[in-house]
Chemist: 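Pasting a structure here, questions to come.
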Amino acid sequence: MSRERVEAVRAMMRSKGWDAVVLTGNDPHNSEYSAPRWLQAGWVSGFSGEGDLVVTDDHAGIWTDTRYFIQASRQLPGTGVELHKTRVPGQVLIPEWLAAHFADYDSVIVAVDGLGMNAATVLDIKKAMGDKAIIVDAPNMLDPVWEGRPPVPQTPVITLGSETVGWSRTQKLTWIRKWLQDNGSDAILITALDEIAWMLNVRGQDVEYNPVVMSYLLVTRDDSFWFVRKGPVDPGDHETEDSFYELTSDGVSIQDYSDIGVTLSSIVDGEFISRLFVDTSTLNYNLYNILKENIPSSNLTSGKSPVALRKAVKNDVEIAGMREAHLEDGLAMERFFFWLEKMVEAGEPVNEYEAALQLHSFRSGIEGFRGESFETISAYGPNAALPHYVTPESGSAELDARGLYLCDSGGQYLFGTTDITRTIPLGPCSQLEREDYTLVLKGHIDLAKAVFPSGTAGCQIDALAREPLWASKRNFGHGTGHGVGFYLNVHEGPQDIRQNFNRQPLVPGMITSNEPGIYREGKYGIRHENLVLCVDAGTNDFGQWCRFETLTLCHLDTSIVIRELLDASEIEWLNAYNAKVFQTLSPRLPSEIAQWLRKKTLPI
């Protein structure tokens, strides 16, 4: 099927005189996760991971990173699509590859779906290829060949009050207008879906697992315009209508989602907006072109959206909600692991998918639960060697009373978002499994214990989680930590903890994951993940200091830990963490599970 779709793209290219087509899996807002309508690269190639596709007359390739190499090696054979590895030494990214591939051409026509590519990415292609590149913006180019293409999603919209999120909508709009004034801009066009949801205190379900609403937000010094889908909703559900009324009463003008291009094309210098600020990392190329045609370049300013950083630093109300979310989530996780252990011990048949369903059942019983924060990774044995393994509904691996089981999951609650990974032994483990398990845990603990000067970026402490593995010449290919939203996207910036250089300091109030791992293809994978809150650690003669407070509440299994590989401070942290888990959760657990948890959290 994929080979036929690649050929259909080539036929379209020939009919239009294009030399290359570049497709992504991104929506018009450069979201990490997209609704099915915009999974264009995957639809053509058959590759279900995150990646970008290039098709020429004699080549088709998917560019993806280390998280998906094993997955790509399984899915791409026979498709006519070649794997191009990124985030590895010697990588050749799409702009440079296109420049080299068409080095002998005088001119090259590269077609892109401008709705599915951000402006910065397309400009990188133009820069790498120079004057020979002719970029053709072809929005929705796959419509003629994609029969039954999913529509633009629309789901009910709800609003959250300041008692839940801390800052009211009015306070946030006042803040952004003050930012506009301080930065000499008349307006800002916000295109990232999670930033819009945060600004307006709205939530939806337009993207699976991410409670966002397909929309654009234009804020001027005096007005606010929300471009959002306004079609009919279920007559029995008044959430959307009530939400729109609340927004209108707060001075937000509701516009149709499809009108954003017309509105931006009507901007005339001196009549509507003189100086507009945009973030080209999330602004799609199609809208970028409209702005370039209608606003003098001197009046169009680009940079990082200020909303990302403001959103990442949680206020006291949000932090309290996140604590509650992790308490409730921890109770569900302990119920799940108790159930799983008893099933395996009894020899009852259970597979990866059935385990994921059972975990969902435990979370569903929590008041305020709104679904998973991402698709649960329920992986046994060799399947856990894929960091982003997709647990199949049919054909899932059966769990046996031996080896390691990895579960990476999270919940969306009205009061917060969780993300947790636990790797547990289901029975006897090899010496190598025990070593890897302990070294990954050692790295997790070393990062959790970190104390660092104010202004330190995540890339400057990433090595703390890797050093125990590096010392044994072992490593992992993904980042160590990502930001987490408040009842929003489970992955957010601007902060992270990874080797890639990112200047953004870790600031008190930021919530970030701590998830080192190790993956042995064909054998097993191990990852230990908690969410940590950056907090103030005091000031002395050497300046201000920060540290982490672990929010996640679920025991870390110590039954296969090699104690000799941990130093005294690591053992102290591990024992203290497990003791806190027991003391916090046991009063709300059934006595049988509380007794089981007591044994699981005994000091090592």
Side-chain angles (χ1 to χ4, degrees), residues 319-320 322-338 341 407 416 418-425 434 436-452 461 464-469 480-481 484 497 506 508-517 526-538 545-589 593-604:
I319 291 172
M322 291 291 272
R323 293 189 199 280
E324 180 182 359
H326 283 87
L327 171 61
E328 297 294 340
D329 203 70
L331 292 167
M333 292 299 300
E334 297 297 4
R335 288 187 172 98
F336 168 66
F337 283 126
F338 173 80
E341 183 173 300
C407 184
T418 67
D419 182 2
I420 173 176
T421 307
R422 287 294 183 268
T423 306
I424 62 169
R434 295 185 64 201
D436 284 344
Y437 183 96
T438 306
L439 292 175
V440 174
L441 181 58
K442 185 181 179 76
H444 175 95
I445 294 172
D446 289 354
L447 182 59
K449 296 192 305 98
V451 178
F452 47 93
I461 59 173
L464 293 176
R466 297 179 187 270
E467 194 280 332
L469 291 164
T480 304
V484 177
I497 302 174
L506 296 166
M510 286 180 170
I511 295 175
T512 311
S513 67
N514 171 5
E515 50 180 313
I526 298 166
R527 188 161 63 252
H528 302 303
E529 177 187 17
N530 286 337
L531 298 191
V532 295
L533 170 68
C534 182
V535 298
D536 185 5
W545 297 83
C546 298
R547 63 177 180 83
F548 291 128
E549 174 193 334
T550 297
L551 297 178
T552 305
L553 290 167
C554 180
H555 78 279
L556 289 161
D557 195 299
T558 60
S559 61
I560 60 170
V561 167
I562 301 176
R563 194 177 191 277
E564 293 72 25
L565 293 179
L566 301 179
D567 65 29
S569 67
E570 292 162 348
I571 293 172
E572 180 183 7
W573 185 96
L574 179 58
N575 288 337
Y577 174 77
N578 275 344
K580 179 182 178 181
V581 169
F582 175 75
Q583 292 163 6
T584 306
L585 300 183
S586 61
R588 292 187 51 189
L589 290 169
I593 301 179
Q595 293 172 12
W596 168 86
L597 183 59
R598 178 71 186 96
K599 295 178 182 178
K600 292 291 182 181
T601 56
L602 289 173
I604 63 170

Chemist: How long is the gap from CD1 on Ile571 to CD1 on Ile445, to the nearest 0.5 Å?
Modeler: 9.0 Å
Chemist: Under the salt bridge (Lys or Arg N to Asp or Glu O under 4.0 Å) test, which residues partner Arg588, sequence neighbours left out?
Modeler: Glu328
Chemist: Which heavy atom of Ala325 sits nearest a heavy atom of Thr418, and at what distance?
Modeler: O-CG2, 3.8 Å
Chemist: Got Asn514 and Ile497 here, is their nearest side-chain heavy-atom distance under 4.5 Å?
Modeler: no
Chemist: To the nearest 0.5 Å, what is the distance between CD on Glu515 and CD on Glu529?
Modeler: 3.5 Å
Chemist: Look at the side chain of Gln583 and the backbone N and O of Lys580, then say whether any donor-acceptor pair between them is shorter than 3.5 Å.
Modeler: no
Chemist: Would you name the heavy atoms of Thr480 and Ala465 that are closest together and state the gap between them?
Modeler: CG2-CB, 3.7 Å
Chemist: So, does His444 use its side chain to make a donor-acceptor pair with the main chain of Val440 at under 3.5 Å?
Modeler: no
Chemist: Can you name the residues that form a ring-ring contact (aromatic ring centres under 6.0 Å, His included) with Phe452, not counting sequence neighbours?
Modeler: Phe548
Chemist: Looking at Tyr577 and Cys554, would you say the former's side chain and the latter's main chain have a donor-acceptor pair under 3.5 Å?
Modeler: yes
Chemist: Looking only at heavy atoms, which two atoms of Trp545 and Asp536 are closest? And how far apart?
Modeler: O-OD1, 3.2 Å
Chemist: Is a side-chain N or O of Arg547 found less than 3.5 angstrom from the main chain of Ala450, in a donor-acceptor match?
Modeler: no
Chemist: Quick check: do Glu549 and Val532 have side-chain heavy atoms less than 4.5 Å from each other?
Modeler: no
Chemist: When rounded to the nearest 0.5 angstrom, what distance separates CE in Met322 from CG in Leu533?
Modeler: 9.0 Å
Chemist: What pairs with Phe337 under ring-ring contact (aromatic ring centres under 6.0 Å, His included), at least two apart in sequence or on another chain?
Modeler: none
Chemist: Determine whether a donor-acceptor pair (N or O, by modelled atom type, separation under 3.5 Å) exists between the side chain of Asn578 and the backbone of Leu556.
Modeler: yes
Chemist: In the structure I gave you, are the side-chain heavy atoms of Thr552 and Val581 within less than 4.5 Å of one another anywhere?
Modeler: no
Chemist: With a 3.5 Å cut-off and no angle check, do the side chains of Glu334 and His555 form a donor-acceptor pair?
Modeler: yes
Chemist: Just so I know, are the side chains of Thr550 and Trp573 near enough to count as touching, which here means a heavy-atom distance under 4.5 Å?
Modeler: yes
Chemist: State whether the side chain of Thr421 and the backbone N or O of Arg527 hold a donor-acceptor pair below 3.5 Å, judged by distance alone.
Modeler: no
Chemist: Would you say that Leu574 contacts Glu572 through its side chain, given a criterion of any heavy-atom pair below 4.5 Å between the two side chains?
Modeler: no
Chemist: Backbone N or O of Leu565 within a donor-acceptor pair of the Lys442 side chain at under 3.5 Å?
Modeler: yes
Chemist: Would you indicate whether the side-chain heavy atoms of Ile461 and Leu447 approach each other to under 4.5 Å?
Modeler: yes
Chemist: Kindly indicate whether the side chain of Ile604, heavy atoms from C-beta on, has any atom under 4.5 Å from the side chain of Leu566.
Modeler: yes
Chemist: Glu341 and Trp596: side chain to side chain donor-acceptor pair (under 3.5 Å), yes or no, with the steps?
Modeler: CA-CA 10 Å; Glu341 183 173 300; Trp596 168 86; 3.1 Å; yes
Chemist: Calculate, to the nearest 0.5 Å, the distance between atoms CD1 and CD1 belonging to Ile511 and Ile319 respectively.
Modeler: 6.0 Å
Chemist: Do NZ/NE/NH1/NH2 and the carboxylate oxygens of Asp557 and Arg422 come within less than 4.0 Å?
Modeler: no
Chemist: Contact between Leu585 and Leu327 at the side-chain level, heavy atoms closer than 4.5 Å - yes or no?
Modeler: yes
